[in-house]
K.L.:
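If you scroll down you'll find the structure; I have some questions about it.
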Amino acid sequence: MLTALARSPVVLQFRCFGTFTLIGENDWSAKPARARGRELLQYLVAHPNGFASREVLAEAFWPELSIDEVGNRLHLAASGARASLRDALDDVDPIRCVEGAYGWHASVAIVSDVTRFTACYNDGSPAAMREAIAIYGGELFANDRAEWIVPLRVRYTSAYLTMLERLARHALSNDDHAGSLDYGLQLRAEDPGHESAARLVMHCFAKLGRRHSAIAEYDSLCRHLRRGLNVKPTAETEALRRAILSGDHEGGAR
């Protein structure tokens with residue numbers, strides 16, 4: 001049970017990457033199960049500051065309905081959201097409705113993996129990016145398919161991929177080919193068509209004396225590009241393959 005001491009803020013902690021989960025003390029956790037209540041919770045956790053108007057929520061949840069038709073649905077969604085949080089709170093009603101807009105009660109503080117991930121991304125140091133990579137546990141709200149989630153999901157996935165590439169390049173600049181390879185393989189797993197990442201992986205395999213693995217990476221890229229886009233690798237990637245096969249590869253990956 002999360003309680004307020006001397007009226008200090010009640011902290012609600014959520015995991016948003018992967019399966020949406022409410023986390024409590026002593027690793028207690030719960031997956032909010034009420035469909036519409038869960039979606040309102042997700043929206044408020046993703047936008048923890050300020051209030052979301054009825055018009056904004058209607059457009060996110062029920063774009064096919066008129067604004068006059070959504071009032072009761074929002075009321076039911078808020079009831080479901082409150083019910084999902086009941087076991088985590090003592091006597092605080094966590095969600096406020098003010099003039100038709102919904103947001104968090106002033107006594108409630110929202111903490112999420114997204115908040116820390118974003119702070120690490122904005123920091124941009126290698127240590128912070130490594131922390132962000134560890135935090136990322138999969139797509140945002142991975143098991144939910146609401147349309148309003150998609151732009152946020154793309155934003156955070158793109159940030160994750162960017163940090164993987166930056167860390168790979170950072171390791172490479174320090175001649176840490178094993179470390180660079182690890183980040184490069186993670187990047188390729190998330191984005192199989194990332195040709196620059198494929199070249200980096202090929203380069204690192206070659207530097208580590210694993211020429212066959214480097215060529216296998218090239219072949220994997222070819223299959224993906226042919227199957228998904230019906231295109232071939234660029235001349236730069238072809239040149240890297242030839243250099244590795246001939247044993248002349250000495251340059252850096254780009």
Side-chain angles (χ1 to χ4, degrees), residues 2 9 11-32 38-39 41-50 104 108-205 208 217 252-254:
L2 301 176
V11 177
L12 289 174
Q13 183 175 355
F14 294 89
R15 182 184 302 121
C16 301
F17 291 123
T19 301
F20 181 54
T21 306
L22 170 65
I23 303 170
E25 295 175 344
N26 301 318
D27 295 325
W28 169 85
S29 66
K31 299 175 179 62
R38 181 178 68 248
E39 190 170 356
L41 272 183
Q42 289 172 329
Y43 193 95
L44 295 180
V45 171
H47 305 85
N49 302 314
W104 296 107
V108 175
I110 302 301
V111 176
S112 75
D113 49 358
V114 167
T115 303
R116 185 59 192 160
F117 177 89
T118 301
C120 289
Y121 177 79
N122 291 335
D123 180 301
S125 68
M129 289 191 292
R130 284 191 289 269
E131 182 181 348
I133 295 304
I135 290 170
Y136 188 83
E139 289 185 333
L140 183 77
F141 306 139
N143 297 321
D144 296 273
R145 293 291 176 258
E147 290 187 9
W148 67 267
I149 296 174
V150 175
L152 293 177
R153 182 176 289 153
V154 170
R155 179 196 304 172
Y156 292 121
T157 299
S158 177
Y160 173 67
L161 297 178
T162 295
M163 286 186 284
L164 280 176
E165 185 164 16
R166 288 176 180 172
L167 286 169
R169 300 293 177 187
H170 176 75
L172 188 62
S173 70
N174 290 300
D175 293 324
D176 178 8
H177 295 103
S180 182
L181 175 62
D182 182 59
Y183 290 122
L185 288 172
Q186 290 181 66
L187 180 53
R188 284 276 286 133
E190 291 288 335
D191 185 0
H194 197 309
E195 197 163 347
S196 176
R199 287 195 298 271
L200 184 145
V201 168
M202 292 168 64
H203 168 79
C204 290
F205 271 137
L208 292 169
E217 178 68 16
R254 289 179 288 173

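The basis for the numbers below is simple: all heavy atoms, side chains too, and nothing from hydrogens, waters or symmetry mates.
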K.L.:
Among all residues two or more places apart in sequence or in another chain, which pass the side chain to side chain donor-acceptor pair (under 3.5 Å) test with D175?
P.N.:
none
K.L.:
Quick one: closest heavy-atom pair of I110 and V108, and the distance?
P.N.:
CD1-CG1, 3.8 Å
K.L.:
Identify, with sequence neighbours excluded, every residue that meets side-chain contact (heavy atoms from CB on, under 4.5 Å) alongside A146.
P.N.:
E39, W148, I149
K.L.:
If you look at every heavy atom in L152 and A46, which pair is closest and at what distance?
P.N.:
CD1-CB, 4.0 Å
K.L.:
Just jot down the side chain to side chain donor-acceptor pair (under 3.5 Å) partners of D113, sequence neighbours excluded, or say none.
P.N.:
none
K.L.:
Can you pull the salt bridge (charged side-chain N to carboxylate O under 4.0 Å, His left out) pairs that have at least one residue in residues 140-152, sequence neighbours excluded?
P.N.:
R38-D144
K.L.:
Any side-chain hydrogen bond (donor to acceptor under 3.5 Å, both in side chains) involving residues 150-164? Give me the pairs, sequence neighbours left out, ordered by first then second residue.
P.N.:
Y136-T157
K.L.:
Looking only at heavy atoms, what is the nearest atom pair of R188 and G193, with distance?
P.N.:
NH1-N, 4.0 Å
K.L.:
Could you report the tightest heavy-atom contact between F117 and A159, atom names first, then the distance?
P.N.:
CE2-CB, 3.9 Å
K.L.:
Taking atom CZ of F17 and atom CG of L140, what is their separation to the nearest 0.5 Å?
P.N.:
6.0 Å
K.L.:
Can you tell me how far the SG atom of C16 sits from the CG atom of L41, to the nearest 0.5 Å?
P.N.:
10.0 Å
K.L.:
Who passes side-chain contact (heavy atoms from CB on, under 4.5 Å) against L187, sequence neighbours left out?
P.N.:
L161, L164, E165, H194, A197
K.L.:
Determine the minimum heavy-atom distance between L44 and W104, stating which atoms define it.
P.N.:
O-NE1, 3.1 Å
K.L.:
Can you check whether F20 reaches N143 side chain to side chain, under 4.5 Å on heavy atoms?
P.N.:
no
K.L.:
Show me the donor-acceptor pairs, under 3.5 Å and distance only, between side chains in residues 121-130 and residues at least two apart or in other chains.
P.N.:
residue, atom, partner, partner atom, Å
N122, ND2, T118, O, 3.3
D123, OD1, S125, N, 2.9
D123, OD1, S125, OG, 2.8
S125, OG, A128, N, 3.2

K.L.:
Just to verify, what does V111 make a side-chain contact (heavy atoms from CB on, under 4.5 Å) with, not counting sequence neighbours?
P.N.:
V11, Q13
K.L.:
Which heavy-atom pair separates S180 from A171 by the least distance, and what is that distance?
P.N.:
N-CB, 3.6 Å
K.L.:
With sequence neighbours left out, write down each residue that passes side chain to side chain donor-acceptor pair (under 3.5 Å) with R166, or none if nothing qualifies.
P.N.:
none
K.L.:
Going by the rule side chain to side chain donor-acceptor pair (under 3.5 Å), which residues pair with Q186 if we only count those two or more places apart in sequence or in a different chain?
P.N.:
D182
K.L.:
When rounded to the nearest 0.5 angstrom, what distance separates SG in C204 from CG in L181?
P.N.:
5.5 Å
K.L.:
Hey, could you give me each pair passing ring pair (Phe, Tyr, Trp, His ring centres under 6.0 Å) that has a residue in residues 170-191? Not counting sequence neighbours.
P.N.:
H177-H203
